[in-house]
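Read the structure below first, then the notes.
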There are 2 protein chains.
Amino acid sequence: MNDLFKALADPTRRAILDELKKGDKNAGEIKDCFNITGASISHHMSILHNAGLVLRERQGQQIIYSLNTTVFQQLIEWIYNIKGENNENQ
Amino acid sequence: MNDLFKALADPTRRAILDELKKGDKNAGEIKDCFNITGASISHHMSILHNAGLVLRERQGQQIIYSLNTTVFQQLIEWIYNIKGENNENQ
DNA sequence: TAGATATTTAGATTATTTTCTAATTATCTA
DNA sequence: TAGATAATTAGAAAATAATCTAAATATCTA
C-alpha cells in the first residue's frame, strides 16, 4: 500500500499513467512524451510496475507497458475506510 | 491535486489520518501517538492541512485537528478518470 | 503581568528520491 | 556472428522531504 501511494506521489508517474490510459506504449514511446532520459523513465516504470500499476510485456526488442487498473480497487477501499463508509456499490 | 498525493505518500501522515478517523485530536494528542517530536508533527499537520485533508481549530491553548473527508471526492474522481469509468454511484 | 503550557516556525541535518551519464543486457537483422 | 536498436542497471549528483533542536508565538492562570 505504501508502494502504491509513493508511486502515485510523483507527477511524472501520474502523467505516465495518463498516457497509458490512451493505450499501451513501449518504453521509447513513453520516453518521447517527456523531457527526461530513458534511464529515468525506466526507473519510473520500475516503480509503477512494483506498485502493480502497470503491466510489462516484452515484444521483440521492445517492452510494452499497459495500465493495470485492478490495483486501484485497493486505493478505493483505503479511501472508503478512512471516510468510514462502506463500498457496496463498487 | 499534487499536494494531495504528496500528503498521502508519507506513512506517518496516513497514520495521523487513521488516528483522526477515531475522533478529533489536538496536536499534543497526535504527537503522543508517534515517536517523533512535536515540531515534526506540526510540519506533517501543516502538509495535511495544506492538502485539505484536515481542519484546524484553536480551542484555547490547543489546536484541534479533525479529518476533512470531502477532499477524498477529488481523489475518487481521479481514480475513476484514470480507470476510464464514470462515477455515477458516488 | 509573570510564568506555565501548547503549538508553531526557523534553520540545520539526515534520509530519500529524482535525474543524469556511462555501461550492460537483450533482441533483431544483414 | 557483428553491428544496430531498445531498454535496463549501476553509480553519482542534484533536488526534495523528514526530522531534529532551539527559539518564537499564543493562550491560559495565579
Side-chain angles (χ1 to χ4, degrees), chain A residues 1-20 22-68 71 75 82, chain B residues 1-20 22-68 71 75 78:
Chain A
M1 204 61 187
N2 194 47
D3 286 350
L4 181 55
F5 279 108
K6 291 272 191 204
L8 292 173
D10 183 84
T12 299
R13 285 194 290 269
R14 291 198 306 278
I16 290 171
L17 296 179
D18 271 324
E19 286 300 325
L20 291 179
K22 302 178 196 162
D24 300 355
K25 281 193 162 66
N26 62 46
E29 287 168 331
I30 295 168
K31 178 197 152 343
D32 292 343
C33 302
F34 302 94
N35 202 23
I36 57 178
T37 63
S40 293
I41 289 291
S42 190
H43 177 242
H44 283 309
M45 297 319 294
S46 150
I47 288 170
L48 289 171
H49 185 255
N50 224 263
L53 285 161
V54 301
L55 304 173
R56 257 204 268 253
E57 189 191 357
R58 180 173 280 278
Q59 225 167 75
Q61 279 167 290
Q62 297 163 353
I63 310 258
I64 312 292
Y65 283 97
S66 59
L67 200 56
N68 181 26
V71 76
L75 192 52
I82 202 97
Chain B
M1 204 62 188
N2 193 47
D3 286 350
L4 180 55
F5 278 108
K6 291 272 192 205
L8 292 173
D10 183 84
T12 298
R13 285 194 291 268
R14 291 198 306 278
I16 290 171
L17 297 179
D18 272 325
E19 286 300 326
L20 291 180
K22 302 179 197 162
D24 300 356
K25 280 192 162 68
N26 63 44
E29 288 169 330
I30 295 168
K31 179 198 151 341
D32 292 343
C33 301
F34 302 94
N35 201 23
I36 57 179
T37 65
S40 294
I41 289 292
S42 189
H43 176 243
H44 283 307
M45 296 321 291
S46 152
I47 289 169
L48 289 171
H49 184 255
N50 224 263
L53 285 161
V54 301
L55 304 173
R56 257 202 269 253
E57 190 191 356
R58 180 174 281 277
Q59 228 167 72
Q61 279 166 289
Q62 298 164 349
I63 309 257
I64 313 291
Y65 284 97
S66 59
L67 200 55
N68 181 26
V71 76
L75 192 54
W78 182 89

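Here is the naming used below: chain letters follow the sequence lines, and residue numbers restart at 1 for every chain. All heavy atoms count here, side chains included; hydrogens, waters and symmetry mates do not.
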Nearest-Å distance for atom pair CG/P, residues B:Asn50 and C:dT9: 11 Å
- request: Please report the shortest heavy-atom distance between B:Val71 and B:Leu4, naming the atom on each side.
  value: O-CD2, 4.1 Å
query: Once you round it to whole Å, what is the distance between C1' of D:dA18 and CD1 of B:Ile16?
result: 12 Å
message: Is the shortest side-chain heavy-atom distance between A:Val54 and A:Asn68 below 4.5 Å?
response: no
task: Please report the closest heavy-atom contact between B:Asp10 and B:Thr12, naming both atoms and the distance.
output: OD2-N, 2.9 Å
query: Taking CD from B:Gln62 and C1' from C:dT8, how many angstroms apart are they, rounded to a whole number?
result: 15 Å
message: Taking only side-chain N and O atoms of B:Tyr65, does any of them lie within less than 4.0 angstrom of OP1 or OP2 on C:dA6?
response: no
- request: Could you tell me whether the side chain of B:His44 reaches within less than 4.5 Å of the side chain of B:Ile36, counting heavy atoms only?
  value: yes
message: Please give me the minimum heavy-atom distance between A:Ile82 and B:Leu67, naming the atom from each residue.
response: O-CD2, 3.6 Å
- prompt: In whole Å, what is the span from the CZ atom of A:Phe5 to the C1' atom of D:dA17?
  reply: 18 Å
- prompt: Are B:Asp24 and B:Leu55 close enough that some pair of their side-chain heavy atoms sits under 4.5 Å apart?
  reply: no
task: Kindly say whether A:Ala9 contributes a backbone atom to a donor-acceptor pair with the side chain of A:Arg14 at under 3.5 angstrom?
output: yes
query: Going 5' to 3' along nucleotides 24-30 of chain D, which nucleotides have protein heavy atoms under 4.0 Å from the base (write B), which only from the sugar-phosphate (write S), and which from neither (write -)?
result: --SBS--
task: Nearest whole angstrom, please: distance from the P of D:dT21 to the CD1 of B:Ile41.
output: 14 Å
- prompt: Are side-chain heavy atoms of A:Leu8 and A:Leu75 found at a separation under 4.5 Å?
  reply: yes
- prompt: Can you list, by residue number, the residues of residues 25-34 of chain B that have a non-hydrogen atom closer than 4.0 angstrom to DNA chain C?
  reply: B:Asn26, B:Ala27, B:Gly28
Gap between atoms CE and C1', on A:Met45 and D:dA7 respectively (whole Å): 12 Å
task: Measure across B:Asn2 and A:Pro11 and return the closest heavy-atom pair with its distance rounded to 0.1 Å.
output: OD1-CD, 3.8 Å
field: Spacing of B:Glu57 atom CD relative to C:dA6 atom C1', expressed in whole Å
entry: 16 Å
query: Is A:Leu53 close to A:Ile47 at the side-chain level, that is, under 4.5 Å between some pair of heavy atoms?
result: no
Write out a two-atom table: protein N or O, nucleotide N or O from nucleotides 12-19 of chain C, distance below 3.5 Å.
from   : atom 1 : to      : atom 2 : distance (Å)
C:dT18 : OP1    : A:Asp10 : OD1    : 3.3
C:dT18 : OP1    : A:Arg13 : NH2    : 3.0
C:dT18 : OP2    : A:Arg13 : NH1    : 3.2
C:dT19 : OP2    : A:His44 : NE2    : 2.4

- prompt: Applying the side-chain contact (heavy atoms from CB on, under 4.5 Å) test to B:Tyr65, which of B:Lys25, B:Glu29, B:Met45 qualifies?
  reply: B:Met45
